Amino acid sequence: MSYTKLTAAVFRANSANLSKIRVSSGRCRSAVASTKTQEEKEQPMGGCAVVETGPVEFCQKPKSDAKTRLSKIHIDFDNTEEAYKSKANMELLRSLLVFKLCTIDLLVDKNRELMELSKKLLGQWMFEKIMKMTFYGQFVAGEDHNSIKPLIQKNQAFGVGAVLDYSVEEDLTQEEAEKKEMDSCVSEAEKEGPDVIHREKKYKAHRQFGDRRGGVISARTYFYADEAKCDKQMETFINCIKASGGASADGFSAIKMTALGRPQFLLQFSEVLVKWRQFFNFLAALQGKSEMMILDQKLELEQLEASMIKLGVGAKNDIANWFSGEKLGLSGTIDLLDWNSLINDTTKISSLLMVPNLETGQLEPLLKKFTAEEERQMKRMLQRVDVLAKYALENGVRLMVDAEQTYFQPAISRLTLEMQRKFNREKPIIFNTFQCYLKEAYDNVSLDIELSRREGWYFGAKLVRGAYMYQERARAKEIGYEDPINPDYEATNRMYHKCLEYVLEEIECNGKANVMVASHNEDTVKFTLEKMNEMGLSPSENKVYFGQLLGMCDQISFPLGQAGFPVYKYVPYGPVNEVIPYLSRRAQENRGFMKGSQRERSLLWKELRRRLMGGQIFYTPVY
């Protein structure tokens, strides 16, 4: 059966029946009973009823008493002597100054203008000197690979590793950013006749949201210019990987997919993947299985074939051949992971990217309308991703693929998954990032873990709350699709802990999962330690990592590192003038962080007073 016919059925089924589908958010493996009330379990989400079923235990490994495996570990996050042991008094004073300045609205709102004015009044040399004594010195490690080594070595001496991140950003105006985005996200065919090709609203470029920096303060944004720039950015990532490998035996490096190619491909591939999954949900509803947990939705092959014949997707023999792969359908059923495998890394790009033709009601390969240059650009993106994964493997560095906007993310996650299947066979090299402010975060985590279990590779995840909330909500409301974000901060906290607990259980079960708890939230860190104690997971197993940004939350990072936990700082570096956009975002992020909690500043004052009263006026770290 042709992929074109199947995807056409996706389009027809979606437009007529998707409003009837229910998506379950029930747990797939947890042995912990739900604490939600019956009303909470049955409340509607995004127009679909959510039904949570009882827990199902898949873990076959007998659980031993945690006390016999590991003495309970307690971290005192109020112990300022341990937290700031690596900091000289001048560094404490700098932190206090910078954090105080971050609470002054006028300074934060006008920080870019003030920095430019200071540069003109003081001159370049004095401006850089002052920046290195304040904001730059607080949040950036140095200008190049060599200048960051002393700080990396010092942090390592106190148990804290590094995730290197070259933080140079292009300083574009809003108009320039919008133009670049529209030029890179719209195909030549759409420019010539936008009404000829049907696209879902969410996966089309919209000039109003063309500047993807809008409302985003904790993530770097790349805009496509040309293939040469993508090659240059790939070389930058390669240099980070090499530097990370040279700095430590277990380093991390971070990359963004939008830096590696034309985002048009990510938009289109994301749309296809989402329709593919929606069609599976539609077929599950036809078999009365839409209210089951995702991994329990096993479609009977005979009913599936009959439904597809009725939909006019293809002849019976064609459909039977399509589901007769080496392992596919041998049990007489197909689940979502089997379904997803029908689109694999060997599928030609021309067979992947399908869009509906509104005149015929059929879907056609979008590449028929692509220029040869557009096809080469797509292939080059995949090649760059593969090159970076190979460098990471050769240098013993773990590669974290950052999450991005939801209209790019399905494609980013799928490409990352394909890298994991290829490179995570012997140890975790590739880590995907899961944004827990998304309603579908738990489903995404549980599906990827189940696939890793079936295929025998190492699952690697970085869990974050998310960086694009305000932008995502505004875009969904304006363009007219369902808000993908959890309703409030507490819902996001619950989702984060739910995803984290699931991964920890997988680590306990078979030891082939790894997770980075990337959070500045002290309660989340304490939750992780509590669960590790309950499960008897030792920090020496090196399967649970913690991550924070350089210059923030040292009272979390350093006590963890000195207690033997694998903990990492995101270490930005780059020339002063070229990291100003990064520093601007740090100022904005810290404004909300410091206004919401005085804790970090109070701990800094506490340690400074302790040293002064103890006669440690000229305290210098010893390592």
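Not measured: the values here are computed from a predicted model. Every heavy atom of this structure was used, including side-chain atoms; hydrogens, water molecules and symmetry mates were not.
Residues satisfying the side-chain hydrogen bond (donor to acceptor under 3.5 Å, both in side chains) test with Tyr437, not counting sequence neighbours, are Gln435. Partners of Asn111 by side chain to side chain contact (heavy atoms under 4.5 Å, CB included), not counting sequence neighbours, listed by chain and number: Met115, Ser584, Gln588. Judged as a side chain to side chain contact (heavy atoms under 4.5 Å, CB included), and not counting sequence neighbours, the contacts of Thr258 are Arg212, Tyr222, Lys256, Leu266, Glu404, Phe408. Shown here are the ring pair (Phe, Tyr, Trp, His ring centres under 6.0 Å) partners of Phe565, two or more places apart in sequence or in another chain: Phe546. Lys232 pairs by the side-chain hydrogen bond (donor to acceptor under 3.5 Å, both in side chains) definition with nothing, not counting sequence neighbours. Listed by chain and residue number, nothing satisfies the salt bridge (charged side-chain N to carboxylate O under 4.0 Å, His left out) test with Lys512 (two or more places apart in sequence, or in another chain). Scanning for salt bridge (charged side-chain N to carboxylate O under 4.0 Å, His left out) contacts around Arg94 gives an empty result, with sequence neighbours left out. By the side chain to side chain contact (heavy atoms under 4.5 Å, CB included) test, Ala389 is found to be paired with Met419, Phe423, Ile430, residues two or more places apart in sequence or in another chain being considered. Applying the side chain to side chain contact (heavy atoms under 4.5 Å, CB included) criterion to Thr134, with sequence neighbours excluded, gives Leu97, Val98, Ile130.
Annotation: Phe434 is not in aromatic contact with Tyr442 [ring centroid separation under 6.0 Å not met].
Heavy atoms only, all atoms of each residue included: Cys436 and Asn486 are closest at O-ND2, 3.1 Å. The minimum heavy-atom distance linking Gln555 with Ala83 is given by the pair CA-CB, 3.7 Å. Across all their heavy atoms, Leu560 and Val525 have their closest contact at CD1-CG1, 3.9 Å. Contact record, Arg473 with Asp488: NH2-N, 4.2 Å, taken as the closest heavy-atom pair. Here the shortest heavy-atom pairing between Ser95 and Leu604 reads CB-CD1, 3.7 Å.
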Could you list the donor-acceptor pairs under 3.5 angstrom formed between side-chain atoms of residues 149-156 and any protein atom two or more places apart in sequence or on another chain?
unit_1, atom_1, unit_2, atom_2, d
Lys154, NZ, Ser86, O, 3.2
Lys154, NZ, Glu91, OE1, 3.4
Lys154, NZ, Glu91, OE2, 3.1
Gln156, NE2, Ala247, O, 3.2

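Remark: the Gln405 side chain and the Gln471 side chain contain an N/O donor-acceptor pair separated by less than 3.5 Å. Side-chain atoms of Asn239 and Glu235 include no donor-acceptor pair closer than 3.5 Å. Donor-acceptor pairing under 3.5 Å is recorded for the side chains of Thr406 and Glu472. A donor-acceptor contact closer than 3.5 angstrom is absent between the side chains of Ser602 and Gln598. Using modelled atom types, one finds no donor on one side chain facing an acceptor on the other under 3.5 Å when comparing Gln420 with Ser452.
Both tests pass for Arg465 against the ring of Tyr496: distance under 6.0 Å to the centre and angle within 45° of the axis.
A salt bridge does not link Glu490 to Arg494: none of the charged side-chain nitrogens sits closer than 4.0 Å to a carboxylate oxygen. Salt bridge Asp448/Arg414: absent, no basic N to carboxylate O contact under 4.0 Å. Looking at Arg220 and Asp165, a side-chain N of the basic residue comes within less than 4.0 Å of a carboxylate O on the acidic one, giving a salt bridge. Between Lys606 and Asp78 no salt bridge is recorded (no basic side-chain N to carboxylate O distance below 4.0 Å). A salt bridge does not link Glu607 to Lys85: none of the charged side-chain nitrogens sits closer than 4.0 Å to a carboxylate oxygen. Looking at Glu506 and Arg453, a side-chain N of the basic residue comes within less than 4.0 Å of a carboxylate O on the acidic one, giving a salt bridge.
Checked by atom type and distance alone, the side chain of Arg425 pairs as donor or acceptor with a backbone atom of Arg421 at under 3.5 Å. A distance-only check finds a donor-acceptor pair linking the side chain of His520 to the backbone of Leu549 [under 3.5 Å]. The backbone N or O of Ile73 lies less than 3.5 Å from a partner atom in the side chain of Asn533, making a donor-acceptor pair. The main-chain N or O of Lys100 is found under 3.5 Å from a side-chain atom of Thr103 such that the two form a donor-acceptor pair. Between the side chain of Arg384 and the backbone N or O of Leu260 there is at least one donor-acceptor pair closer than 3.5 Å. With hydrogens and angles disregarded, no donor-acceptor distance shorter than 3.5 Å links the side chain of Tyr136 to the backbone of Met133.
Residue pairs that meet the side-chain hydrogen bond (donor to acceptor under 3.5 Å, both in side chains) test with at least one member in residues 565-578, sequence neighbours left out, are Lys119-Asn577, Gln124-Asn577, His145-Tyr573, Asp250-Tyr568, Arg398-Tyr568, Lys462-Tyr570, Asp554-Lys569, Ser557-Lys569. Applying the ring-ring contact (aromatic ring centres under 6.0 Å, His included) test to every pair with at least one member in residues 598-623, sequence neighbours left out, gives these pairs: Phe158-Tyr623.
Counting heavy atoms from C-beta outward, Val544 and Pro566 have side chains that stay 4.5 Å or more apart. With a 4.5 Å cut-off on side-chain heavy atoms, Tyr84 and Leu608 do not count as touching. Under the 4.5 Å side-chain criterion, counting only non-hydrogen atoms from C-beta, Leu101 is in contact with Phe135. In this structure, Ile449 and Val503 have side chains that are in contact, with non-hydrogen atoms separated by less than 4.5 Å. Between Ser413 and Asn432, the closest side-chain pair of non-hydrogen atoms falls below 4.5 Å. Two residues are said to be in side-chain contact when any heavy atoms from C-beta on lie closer than 4.5 Å; Asp335 and Glu450 fail this criterion. Using a 4.5 Å heavy-atom cutoff, the side chains of Ile255 and Asp402 are not in contact. Under the 4.5 Å side-chain criterion, counting only non-hydrogen atoms from C-beta, Glu600 is in contact with Cys553.
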Exercise for review: Please assess Lys526 against Glu530 for the test salt bridge (charged side-chain N to carboxylate O under 4.0 Å, His left out), listing each intermediate value before the final yes or no.
Suggested key: CA-CA 6 Å; Lys526 289 178 178 177; Glu530 178 185 336; over 6 Å; no

Point to revise | Worked check of salt bridge (charged side-chain N to carboxylate O under 4.0 Å, His left out) between Glu522 and Arg599 | key: CA-CA 11 Å; Glu522 194 171 307; Arg599 177 166 170 72; 2.8 Å; yes

Review point. Are Leu463 and Met516 close enough, and set up right, to give a side-chain contact (heavy atoms from CB on, under 4.5 Å), and what steps lead you there?
Key: CA-CA 6 Å; Leu463 297 183; Met516 172 170 279; over 6 Å; no

**Study point:** Stepwise side-chain contact (heavy atoms from CB on, under 4.5 Å) check, Asn493 with Asn521
**Key:** CA-CA 10 Å; Asn493 279 345; Asn521 188 305; 4.3 Å; yes

Point to revise | Steps toward ring pair (Phe, Tyr, Trp, His ring centres under 6.0 Å) verdict (Phe252, Tyr545) | key: CA-CA 11 Å; Phe252 281 94; Tyr545 320 102; 5.4 Å; yes

Point to revise | Glu143 vs Lys132, side-chain contact (heavy atoms from CB on, under 4.5 Å): CA-CA, chis, key distance, verdict | key: CA-CA 10 Å; Glu143 298 203 20; Lys132 288 180 179 180; 3.0 Å; yes

